[in-house]
Each structure stands twice: as C-alpha cells, then as structure tokens.
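Since the structure comes first, as structure tokens, the remarks are kept for the end.
What you are looking at is a predicted structure, and each value in this text was computed from that prediction instead of being measured.
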Amino acid sequence: MAKKNLVLLSCLGLLLLALAALVFLQLSARQRFVTRGQDIEAPPPVADTVYPPLCVNTALEQYDAVQLAGALTLAEEGGFTWVRQRFPWSEIEPEPGRFEWARWDAIVSGAVEHGLQLLPVLTSPPAWAGMPPDPEAFARFAAALANHYSAQLVYYQIWHNPNLGDSWGGQADPLVYAEILAHVAPAIREADPGARIVLGGLAPNTEAGPVNYNEPRFLELLSAADASPYYDVVAVNPLGFASGPEDRTVDVAQLNFSRVILVREAMEDLEVDDKAVWATLIGWNSLPETWDSPASIWGQVDESTQAEYTIAALDRAESEWPWMGVMCVNNLQPRPADPSRAVLDAEEHWGFALVGPNGELRPLYTALQTWAARPQIARVGVYPASSPLITYTGGWRLGPLGADIPLDASAEAGNARATLTFEGTGVRLRVRRGAYLAFLFATVDGKPAPELPRDESGRAYVVLYDPLAKVATVTLARQLPYGVHTVELVAERGWYQWALASWEVAHEQSNPPLLALYWFAVVALVAGAAFLASRIEWGALLRWLKAGYARLGAPGQLVLATVLSAIFGFAAWMVWAQGAFRRLGDGHQLGGLLAEDDV
C-alpha cells in the first residue's frame with residue numbers, strides 16, 4: 001500500500017511540476033510579448049526625439065490666403081507643434097532653373113507666425129526630370145529649396161512611400177533611392193549646415209519585392225547600399241488598419257500600429273538604432289455609416305473609436321517608445337483631386353480628416369486638442385536640461401550644454417530650483433562638475449532622494465565639485481513604485497559650469513510577486529521531484545501508468561486528451577490573445593480584463 005501511495009504521490013508531484021513549468025514559461029512568453037519594443041531601463045539618448053511631438057499632415061497649398069491662415073490657426077489651436085507638408089518638385093520647379101516660390105513662401109512664413117515647425121516632404125518630380133528622377137537634378141532642386149528656406153527649416157524629408165512601386169511609377173528600387181539620398185543629402189547639408197535628413201516614410205505592406213518592399217526589408221537593402229550616412233531619422237507610416245493600438249502582434253504579415261517595432265528591431269540589427277524613428281502618418285480611417293462606395297483599404301472604424309484609438313496610440317508611443325520622435329496624424333484636410341467634389345472619399349483620405357469638407361470639426365480634432373492640453377510629464381527616456389518639461393525658478397540659463405545655475409544660488413534661500421514630474425520607477429541626472437565646491441540638494445516626492453548620500457541635516461545631495469570637470473551620471477532614485485513622481489533640485493553655488501546636462505527617466509523591470517511565487521513553486525517541485533525520483537521504481541511506475549490509461553477505455557482516453565489539449569490551448573491563448581491579458585501583470589481581475597477586451 002505504501003508503495004502504491006508513493007507512486008501516486010510521485011505522479012501528482014510530476015504533474016504539478018509540469019503545470020508549474022508550463023505556467024512559468026507562458027508568463028515569461030507573455031511578458032516578452034507585452035514588452036516587445038520597449039526600453040524599460042533608462043535608454044541611451046536618441047537624437048531627434050523632439051518634444052512636444054504632435055504633428056499633423058496638411059495640404060496647405062490648396063488654400064487662398066484667408067483659408068491658409070484659418071487652417072494654420074486650427075493646427076495651432078489643436079495643440080499641434082508640427083505640420084508635415086508636401087513640397088512637390090513639379091510645382092516649385094516646373095521648368096529647369098525656373099522656381100515658383102510664392103505659394104510655398106506663404107506656407108513657410110505662415111507656419112512660423114503660428115509657432116509651428118514645418119516638415120517639408122520633397123517629392124513629385126516634374127516630367128522633365130524623369131521617373132525615377134535624375135539624382136543630380138533632384139540634388140540641385142533640394143539645394144535650392146534648402147538655401148531658400150534655411151532660416152526657417154531644420155528637417156527635410158526625402159520622398160514619400162519610397163518602398164512602394166506606386167511612388168516610382170511602377171517598381172520600388174532601394175538602390176535607386178539610396179543613390180538619390182547620396183546626392184540629395186549632401187546637397188541639402190551644404191546649403192543648410194544644420195539640416196537634418198528624414199528618410200521617406202516607409203509604407204506598411206507585407207511584400208518582399210520586387211514591386212513593393214516591407215519596411216524592415218527595405219531598410220536592410222538601404223543599409224546594404226551604404227545609405228545610412230545620408231539620413232538622420234527613420235520615418236514610418238504605422239496606420240492602424242483593422243485593429244487598435246493595443247494589438248501587440250509584431251509580425252511582418254500583420255498590418256497594425258505595432259509593426260513599427262519591426263523597423264526598430266531592424267535598426268538595432270543594422271546598428272543604426274542611434275537614430276530616432278518618426279511616425280509620419282498615423283491614424284484610423286472613419287467613413288460615414290451610410291458609406292456604400294468601395295471599402296477603404298485602410299479599414300474602417302466609427303468616429304468615436306477613431307478618436308479613442310488615436311489617443312491610445314499616442315499614449316502608448318510616449319510611454320513605451322523613447323526612440324520615437326515626431327508623430328504626424330493623418331490629416332487636417334486632404335487636397336481633393338477635384339475641388340468641386342470635396343466629399344468623404346476613401347481614396348482621398350477624407351476618412352482620416354480632422355476637419356470635414358465643410359469645415360466641421362470631427363471628434364478626433366477635439367480629442368487631440370484635449371490630449372495636447374493635458375498636464376505634461378516625462379516618461380521613459382532622456383531629456384535635455386532645456387526640455388520644456390523641466391520647470392526652473394530663479395535665473396537659470398539654458399543653452400546647448402544644458403542648464404547653468406544662477407549667480408548667488410543658495411540652498412538656504414531656495415532661490416534656484418529645478419523640478420521634473422515623471423512617470424516611471426527611477427530617475428538619474430547627468431551633471432557637469434566644476435572646480436569649485438557646489439551641491440544640488442534633491443528630493444523625490446518631497447523626501448530626500450533615496451539613492452543619494454545625506455548630510456548632517458538629512459538632506460540628500462549631489463556633489464558638483466571635480467577639478468577635472470567631468471560629466472557624470474548620478475542616480476537619484478530607483479525601484480520606486482511605478483507611477484507619477486516629482487523631483488526637485490535646489491542648487492547651492494555651481495554657476496558658470498552648466499551643471500545640469502540632462503535627465504533620464506527609467507521604468508525598471510522587477511519580478512511581480514506572482515512570478516516570484518511561480519519561481520518558488522518550480523524550485524520546490526523540482527527538488528521534490530528529485531527526492532521522489534530517487535525512491536521510485538520507474539519500471540513499476542510506467543507499467544502502472546500504462547495499465548491506468550488502458551482502464552480508462554476509449555471514452556476516458558478521449559476526455560483525458562481533451563483536457564490536456566484545453567490546458568495547452570488556454571496557455572497559448574494567454575500569450576497571443578490581444579487585449580484581454582495585456583495587463584495581467586498589473587493585477588487586474590480576469591473579469592475586468594475580459595470586459596475591457598470587449599471595447
């Protein structure tokens with residue numbers, strides 16, 4: 001009897017071990033699935049992750065002077081800080097050497113007057129330049145444009161959808177585009193030494209050539225053609241299509257918002273991940289319920305869902321992707337091919353528009369306006385000392401080196417303070433030390449910064465003295481409860497050394513209690529199984545299992561197979577089902593998660 005009990009106990013132990021291991025593996029897989037593409041530690045700085053990032057695509061060339069002013073006012077009042085505007089080569093230089101700047105001068109000067117930064121898209125070559133266009137002719141045009149607008153522009157985007165054959169009159173060719181970049185980028189940089197070159201927005205598609213190329217494949221081929229030195233920013237067009245922004249499937253065959261992660265991973269593989277990614281075309285298509293024309297290739301949602309998805313996409317990018325810079329919503333108002341037919345035409349992007357054909361504001365405009373006006377906080381990433389998210393009191397100076405402490409800064413007087421509110425679990429400073437004794441006294445949520453030393457008064461401090469004037473990274477806090485926290489610095493001397501260089505916000509990954517419990521269970525069961533295994537007669541155990549399985553008969557065996565299949569199927573569903581388990585680690589209840597997935 002004792003022997004039989006030992007066999008049963010051994011079987012139970014092995015079963016529990018298998019289940020614990022399965023759960024652990026599925027939790028690990030789910031964690032990788034949910035956090036793919038995220039930088040959870042404080043990431044290295046990425047240039048061109050500008051703030052604030054909100055941008056809108058425009059077709060400003062369609063308006064007269066009064067309409068142009070109205071459109072720019074809508075963009076400004078909507079909370080946008082950027083506008084992305086096509087500058088068609090064919091309309092600016094209709095004949096070789098003859099430039100027509102008037103319409104575009106009005107657009108550029110109007111954008112400046114409204115405090116909007118402009119991202120010009122150089123595209124649409126004239127017939128005389130050929131297709132693909134002659135690279136040298138394109139370079140001359142680009143240089144002329146950069147020379148003409150160098151005082152107003154910084155960024156220049158070269159082409160639109162370069163990975164689609166339609167953009168080239170039939171077939172995309174990475175080598176042709178690489179050659180154009182190799183001519184155009186140096187020409188722009190020579191005319192405007194401070195220029196930054198933005199890659200043409202890569203369109204979402206699943207093909208690997210030769211007509212169209214998916215985004216990571218096109219980027220790989222550009223790298224093979226040695227094009228990387230000729231662009232500073234990678235641009236993608238992650239439209240949402242039929243799924244929401246919380247669809248975390250990352251697959252070249254899946255058209256969704258998350259596919260931008262494919263591009264970032266390709267950049268890491270190609271070692272160009274020091275460049276930022278800009279989303280130059282994002283959004284969800286919404287057409288009237290009465291729409292009876294051909295279905296849109298971009299999918300279809302109602303207006304409230306369009307607004308909800310777009311805001312959630314912006315939130316996700318800000319929270320999870322510190323390598324993401326400008327994000328351009330598609331669009332303010334498209335330019336109709338036939339102005340007399342300004343209707344909600346799927347082909348002309350009216351389903352994406354923030355403003356309807358008759359000037360009516362759609363729900364998406366209002367939602368974006370509210371989002372842009374919300375209190376601003378820092379999320380995971382690196383922020384220069386000049387970031388608008390940092391509040392300074394006193395006479396701090398801001399410049400390329402960072403922030404300089406004001407003269408006569410005194411901790412006792414509290415007359416020189418810097419404050420940052422962030423969402424995450426940790427924060428660090430990059431400080432530039434100098435030859436004179438000086439300090440920054442730091443608090444986090446009103447208490448002394450936990451990772452710093454304390455003085456005799458209990459104040460946490462950062463030393464700003466170093467005769468070698470080195471730049472150092474100093475951790476103020478780590479492993480805080482995830483959420484919103486506020487850091488305040490009070491300066492004691494330290495002027496003329498530009499002491500504050502940058503701030504770094506982190507979301508450190510820690511094992512949740514449940515995962516720790518599963519680790520304990522796995523270890524305990526492994527130890528228990530090893531103990532039992534040393535006392536089991538394996539031959540007898542196998543004979544007992546075989547006999548037990550035979551006694552089940554066909555119906556019992558079918559039930560057993562069904563139960564085991566259900567266990568493994570449920571485990572797989574935990575990992576791959578979209579939405580329902582995406583926040584399992586946050587402690588939500590299953591019922592709430594399932595209800596949330598029904599939205």
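Side chain of Gln306 to backbone of Gly351: a donor-acceptor contact under 3.5 angstrom is found. Under a 3.5 Å cut-off, the side chain of Asn358 and the backbone N or O of Glu360 do not form any donor-acceptor pair. Of the possible donor and acceptor atoms, none in the side chain of Glu76 sits under 3.5 Å from a partner among the backbone N and O of Leu116. Here the side chain of Arg362 pairs a donor or acceptor atom with the backbone of Ala353 at under 3.5 angstrom. With hydrogens and angles ignored, the 3.5 Å screen pairs a side-chain donor or acceptor of Thr73 with a backbone N or O of Ala69. Under a 3.5 Å cut-off, the side chain of Lys275 and the backbone N or O of Ser228 do form a donor-acceptor pair. Of the possible donor and acceptor atoms, none in the side chain of Ser223 sits under 3.5 Å from a partner among the backbone N and O of Leu219. Glu61 contributes no side-chain N or O that, together with a main-chain N or O of Trp104, makes up a donor-acceptor pair within less than 3.5 Å. Checked by atom type and distance alone, the side chain of Asn57 pairs as donor or acceptor with a backbone atom of Thr280 at under 3.5 Å. Side-chain atoms of Arg264 come within 3.5 Å of backbone atoms of Asp273 as a donor-acceptor pair (strictly under, hydrogens ignored).
Here the side chains of Tyr63 and Gln333 are in contact, with some heavy-atom distance below 4.5 Å. Counting heavy atoms from C-beta outward, Ile197 and Tyr230 have side chains that stay 4.5 Å or more apart. Side-chain contact between Tyr365 and Leu74: present, with at least one pair of heavy atoms (C-beta onward) separated by less than 4.5 Å. Counting heavy atoms from C-beta on, the side chains of Glu215 and Pro204 come closer than 4.5 Å. Looking at heavy atoms from C-beta onward, Val56 lies out of side-chain contact with Arg84 at the 4.5 angstrom threshold. By the 4.5 Å heavy-atom criterion applied to side chains, Gln171 and Pro210 are counted as neighbours. Looking at heavy atoms from C-beta onward, Pro126 lies out of side-chain contact with Pro94 at the 4.5 angstrom threshold. Leu354 has its side chain within reach of Val329: a pair of non-hydrogen atoms, C-beta onward, lies under 4.5 Å apart.
Side-chain contact check for Glu504 and Tyr383: no donor-acceptor pair (N or O, by modelled atom type) lies under 3.5 Å. Residues Ser167 and His160 bring no donor and acceptor atom of their side chains to less than 3.5 Å of each other. Checked by atom type, the side-chain pair Asn163/Tyr177 shows no donor-acceptor distance below 3.5 Å. There is no side-chain donor-acceptor pair under 3.5 Å between Asp251 and Thr249. For the 3.5 Å distance criterion, the side chains of Arg86 and Thr123 fail to qualify, holding no donor opposite an acceptor. A donor and an acceptor atom, one from each side chain of Gln62 and Gln67, are nowhere located under 3.5 Å apart. No side-chain donor from either of Arg335 and His349 sits under 3.5 Å from a side-chain acceptor of the other. Thr58 and Gln85 are linked by a side-chain donor-acceptor pair at a separation below 3.5 angstrom, with hydrogens and angles left out of the test.
Arg196 has a carboxylate O that lies under 4.0 Å from a charged side-chain N of Asp48, or vice versa, which qualifies the two as a salt bridge. We find that Glu246 and Arg248 are joined by a salt bridge, their nearest charged nitrogen and carboxylate oxygen being less than 4.0 Å apart. Using a 4.0 Å cut-off between charged side-chain N and carboxylate O, Glu93 and Arg98 make no salt bridge. For the pair Glu423 and Arg379, the salt-bridge criterion is met [side-chain N within less than 4.0 Å of a carboxylate O]. Under a 4.0 Å N-O distance rule, the pair Arg140/Glu190 does not qualify as a salt bridge. Between Arg189 and Asp232 there is a salt bridge, with a side-chain nitrogen of the basic residue lying less than 4.0 Å from a carboxylate oxygen of the acidic one.
Across all their heavy atoms, Pro162 and Leu202 have their closest contact at CG-CD2, 3.8 Å. The nearest pair of heavy atoms linking Ile390 to Pro384 is CD1-O, 3.5 Å. Taking all atoms of both residues into account, the shortest heavy-atom contact from Ala312 to Pro245 is CB-CG, 3.5 Å. Of all the heavy atoms in Leu54 and Gly79, the pair that sits closest is CD2-O, 3.9 Å. For the residue pair Ala75 and Val83, the shortest heavy atom distance occurs at CB-CG1, 4.2 Å. Here the shortest heavy-atom pairing between Arg316 and Asp247 reads NH1-O, 4.0 Å.
Between Trp159 and Trp168, the ring planes are parallel. Angles under 30° get that label, and only those over 60° would be called perpendicular. Aromatic ring pairs are classed by plane angle as parallel below 30°, tilted from 30° to 60° and perpendicular above 60°; the pair Tyr213 and Phe218 is tilted. The aromatic rings of Trp396 and Tyr392 sit tilted relative to each other, their planes meeting at an angle between 30° and 60°. Relative orientation of the Trp298 and Phe352 rings is perpendicular, given thresholds of 30° and 60° on the angle between their planes.
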- Item | Criterion side chain to side chain donor-acceptor pair (under 3.5 Å) on Asp192 and Tyr149, from CA distance to verdict | CA-CA 9 Å; Asp192 182 359; Tyr149 294 122; over 6 Å; no

- Stepwise side chain to side chain contact (heavy atoms under 4.5 Å, CB included) check, Leu145 with Leu153: CA-CA 10 Å; Leu145 186 141; Leu153 300 178; 4.2 Å; yes

- Message: Please evaluate residues Val198 and Leu119 with respect to the criterion side chain to side chain contact (heavy atoms under 4.5 Å, CB included), reporting the C-alpha separation (whole Å), side-chain torsions for both, the decisive distance (0.1 Å), and the verdict.
- Response: CA-CA 9 Å; Val198 181; Leu119 175 60; 4.1 Å; yes

- Message: Is there a ring pair (Phe, Tyr, Trp, His ring centres under 6.0 Å) between Phe241 and Trp284? Walk through the geometry before answering.
- Response: CA-CA 6 Å; Phe241 292 91; Trp284 279 262; 9.4 Å; no

- Message: Trp89 vs Trp128, test: ring pair (Phe, Tyr, Trp, His ring centres under 6.0 Å). Steps then yes/no.
- Response: CA-CA 11 Å; Trp89 180 9; Trp128 60 262; 5.7 Å; yes

- From CA spacing to verdict: side chain to side chain contact (heavy atoms under 4.5 Å, CB included), Ile158, Tyr231: CA-CA 9 Å; Ile158 312 304; Tyr231 62 89; over 6 Å; no

- Message: Checking Asn214 against Arg259 for the side chain to side chain contact (heavy atoms under 4.5 Å, CB included) test, could you report, in this order, the C-alpha distance in whole Å, the side-chain angles of both residues, the deciding distance, and whether it holds?
- Response: CA-CA 10 Å; Asn214 62 65; Arg259 69 183 290 115; 4.2 Å; yes

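Just one of Asn237, Asn205, Asn212 meets the side-chain hydrogen bond (donor to acceptor under 3.5 Å, both in side chains) condition when paired with Asn161; it is Asn237. Each of Val236, Leu181, Val233 was scored for a side-chain contact (heavy atoms from CB on, under 4.5 Å) with Leu199, with one residue passing: Leu181.
Once rounded to the nearest 0.5 Å, the distance linking CG of Leu429 with CG of Leu420 reads 9.0 Å. Between atom CG of residue Leu364 and atom CD of residue Glu308 there is a gap of 12.0 Å, rounded to the nearest 0.5 Å. To the nearest 0.5 Å, atom CD of residue Gln376 and atom CG of residue Leu389 are 6.5 Å apart. Once rounded to the nearest 0.5 Å, the distance linking CG of Leu222 with CZ of Arg217 reads 11.0 Å.
Two rings, from Tyr155 and Trp278, have their centers less than 6.0 Å apart.
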